[in-house]
Each structure stands twice: as structure tokens, then as C-alpha cells.
Amino acid sequence: MQFDTIIDDLAERGWSLQRRFLTSDLTLDLAAECRRREARGALAPAGIGRGEAVAVREGIRGDQIQWIEPGQSALCDGYLAQMDALRQALNQALFLGLEEFECHFALYPPGAFYQTHLDRFRDDDSRCVTTVLYLNPDWQPGDGGELRMHFADGTQLDIPPLGGDLVVFLSGDFPHEVRVTHADRLSLTGWFRRRPADILNL
Ligand code: OGA
Ligand code: MN
């Protein structure tokens, strides 16, 4: 069971790469959904930060995104259901107290990248676990666009965005970046959240 491997990896080292998490059919369908959203102009330049502080700064990240909401399509609802099952499995095994999942399509056109960052905002530690699902069935070795993970011991790992592969990691623990892509690079990026500490009164 794929969830068991993800749970073991997160417990042992804080991150996991699950090859072929989705079937190629489902991956193609989600890629087509991302393209449909692009075609109707629904993708918008991603911002940095959150709320009113969001600023679009292309020097930092060059992707275009659209958030997924429940009820937009049966396909996306299916993915949200799968991620909710993962959320419950993580909570049962690792007591993470994850309460929500938020997720967006992302499209990096050629030349786009995302500089090294952490998936946590300075003023909000509610993002707990990051998930990135890649939607590029024909990715070639020269296409760039690798996810580069930086580890505490100074080593790094480049992960190509191969269709159907899922990367999961503890959001606050791994600086990471997206290397310059040379082809359209599609993904579904999400975060499991717990309630912010100020709501829990910690
Ligand atoms: C992000 C991010 C990584 C990737 O959207 O915060 O780091 O591989 N994405 O797309
Ligand atoms: Mn990130």
C-alpha cells in the first residue's frame, strides 16, 4: 500500500518520493484539466506570501496557478478524496493532527523557476506537509524543471517532474527550489494544514 511507504518515509527522514502514485490515465486526465484551465485564462501568476501581503514577483517564482475547490470537477474531487484518505492515514500513524488540504494546479512555462524557499510563512506555521503531484507524461532528461531538495547535511537531490510521481515532505524542514524548466511543467501542489497555533491557543 502506497500510503504505508509514505508514512514510513516521513517518520524516518521527513520526505518521500512515490513513483507512479497515479495511473497514467488519471495523470493524463489531470494534465488535460490543467490545460483546459489554462485555455480559458483561469491560471494566474502565483504570488509570494499570503493574504494582503501577496506580491507577484517573477524573480522568485514564475509559475501560473489556480486553486482547486471541491465541486469543480469529478476528476479533481477524486484527487481531493484520495488526499483526504492520505490525511487520515498520516494522522492515524503519525498523530500529525492535519485538518485541511489546500491544493492548486501549477504551470511553469519554459524559462520559469522557483527560487529556494520553505513552504511555511513567517507568520503562520499551519502548513505541515507538502504534496507535489507531477502531470508530465513525456518529460525528457534535458527538459530541466527538477525539484531540488536541500538537506540539512548540505547534500541535495534533484527530482525530475515525471508524470504520476508524488513527492511528500514536511513543509518546514526542507528548503527546496524548482530549477529552470525548458518545457511546460505541470503539477498539482498541495499542503496539509493544521489549525494555526493562535487558534489552538498554544
Ligand atoms: C511550491 C513548490 C515544487 C514543485 O509550489 O511551493 O515548491 O516541484 N513546488 O513544483
Ligand atoms: Mn515549495
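Computation of the quantities below employed the complete heavy-atom set of this structure, encompassing side-chain atoms and omitting hydrogens, waters and symmetry-equivalent molecules. We count ligands from 1, going down the list as the structure has it; atoms in each ligand are counted the same way.
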Please write down residue, atom name and distance for the protein heavy atom closest to [atom].
{"atom": "atom 3 (C) of ligand 1", "result": "Val178 CG2, 3.6 Å"}
{"atom": "atom 5 (O) of ligand 1", "result": "Thr189 CG2, 3.7 Å"}
{"atom": "atom 1 (C) of ligand 1", "result": "Tyr114 CE1, 3.7 Å"}

Location of contacts on Arg185 toward ligand 1, heavy atoms closer than 4.0 Å:
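Side chain only.
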Looking only at heavy atoms, is any part of Trp191 under 4.0 Å from ligand 1, and if so is it the side chain, the backbone, or both, or is it neither?
side chain
Taking the six-membered ring for Trp and the single ring otherwise, decide whether the centroids of Phe169 and His176 are under 6.0 Å apart.
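Ring centres of His176 and Phe169 closer than 6.0 Å.
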Less than 3.5 Å apart, any donor N or O on the side chain of [X] or [Y] sitting next to an acceptor on the other?
{"X": "Arg193", "Y": "Ser126", "result": "yes"}
{"X": "Trp15", "Y": "Asp9", "result": "no"}
{"X": "Asp153", "Y": "Thr155", "result": "yes"}

Quick one: sort the Phe101 and Phe192 rings into parallel, tilted or perpendicular, breaks at 30° and 60°.
tilted
Kindly assign one of parallel, tilted or perpendicular to the pair Trp67 and His104, based on the angle between their ring planes and the thresholds 30° and 60°.
perpendicular
Distance under 4.0 Å to a non-hydrogen atom of His176: what atoms of ligand 1 satisfy this?
2 (C), 7 (O)
Short list, please: which atoms of ligand 1 are under 4.0 Å from a heavy atom of Val132?
4 (C), 8 (O), 10 (O)
Just to the nearest 10 degrees, tell me the angle at the Mn ion (ligand 2) spanned by His117 NE2 and Asp119 OD1.
90°
For ligand 1, is His117 a contact, meaning one of its heavy atoms is under 4.0 Å away?
yes
Asp63-ligand 1 polar pair, N/O distance under 3.5 Å
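No, since none of the N or O atoms of Asp63 sits under 3.5 Å from an N or O of ligand 1.
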Under 3.5 Å between some N or O of ligand 1 and some N or O of Tyr134?
yes
In this structure, CG of Asp158 is separated from CZ of Arg148 (nearest 0.5 Å) by 4.0 Å
Heavy-atom check, side chain of Pro110 versus side chain of Asp184, under 4.5 Å
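Pro110 vs Asp184: side chains touch.
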